[in-house]
Amino acid sequence: MQLILVMSRNAALYILDEPIAGVDPAARDYILRTIINNYNPEATVLISTHLIGDIEQVLDEVIFMRYGHLVLYTSVDNIREQHGKSVDAYFREVFAC
């Protein structure tokens with residue numbers, strides 16, 4: 001309910017911190033559909049998450065950060081074209097320990 005209320009606002013920027021963490025896959029799909037179907041199309045939606053594989057299909061651009069510092073800022077298409085990988089696979093490569 002809170003997500004629907006947030007997304008129904010006519011905002012220029014939506015900041016969502018781990019909106020799909022801790023929920024089952026069916027609920028994740030519902031949450032993503034709610035985000036996509038209810039935001040202002042002129043707005044920016046910023047989603048902070050570690051569940052990249054679950055949201056990758058809705059991303060246009062990605063920002064990778066480590067310890068508060070920018071590691072990467074690029075488009076999803078750029079990652080796929082230049083690295084031949086999904087965003088999730090590239091994230092795992094960049095942050096491999």
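A heavy-atom distance below 4.5 Å is not found between the side chains of V58 and I35. Using a 4.5 Å heavy-atom threshold, the side chains of N40 and Y14 count as touching. Residues D60 and V76 form no side-chain contact, since every pair of their non-hydrogen atoms from C-beta on lies 4.5 Å or further apart.
Distance alone, capped at 3.5 Å, places no donor-acceptor pair between the R28 side chain and the D54 backbone.
Of the charged side-chain nitrogens involved, at least one lies within less than 4.0 Å of a carboxylate oxygen, so that R92 and D88 count as a salt-bridged pair.
Nearest heavy atom pair, residue P19 against residue S48, reads CD-O, 3.9 Å. Closest approach of I79 to S86, counting heavy atoms only: CG2-O, 4.1 Å. When all heavy atoms are compared, the tightest approach of I31 to I20 is CG2-CG2, 3.8 Å. Residues A11 and A43 come closest through the heavy atom pair O-CB, 3.2 Å. Listed here is the closest heavy atom pair of F95 and V71: CZ-CG2, 4.3 Å.
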side-chain contact (heavy atoms from CB on, under 4.5 Å) evaluation trace for L72 with V94: CA-CA 9 Å; L72 175 76; V94 169; 5.6 Å; no

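Connectivity analysis of hydrophobic side chains (ILVMFWY, heavy atoms under 4.5 Å, direct or indirect) links I63 to M65, L70, Y73. Grouped with L13 in one hydrophobic cluster are I15, L46, the linkage being side-chain heavy-atom contacts under 4.5 Å among Ile, Leu, Val, Met, Phe, Trp and Tyr residues.
Every residue two or more places apart in sequence or in another chain that forms a side-chain contact (heavy atoms from CB on, under 4.5 Å) with N37 is listed here: R33. With sequence neighbours left out, Y90 forms a ring pair (Phe, Tyr, Trp, His ring centres under 6.0 Å) with H83. D77 pairs by the side-chain contact (heavy atoms from CB on, under 4.5 Å) definition with S75, R80, E81, not counting sequence neighbours. E18 is linked by a side-chain contact (heavy atoms from CB on, under 4.5 Å) to A21, T49, H50, counting only residues two or more places apart in sequence or in another chain.
For the residue pair N78 / T74, a side-chain donor-acceptor distance below 3.5 Å is found, with atom types taken as modelled.
I36 contributes atom CD1, which lies 7.0 Å from atom CG of L32 (distance to the nearest 0.5 angstrom).
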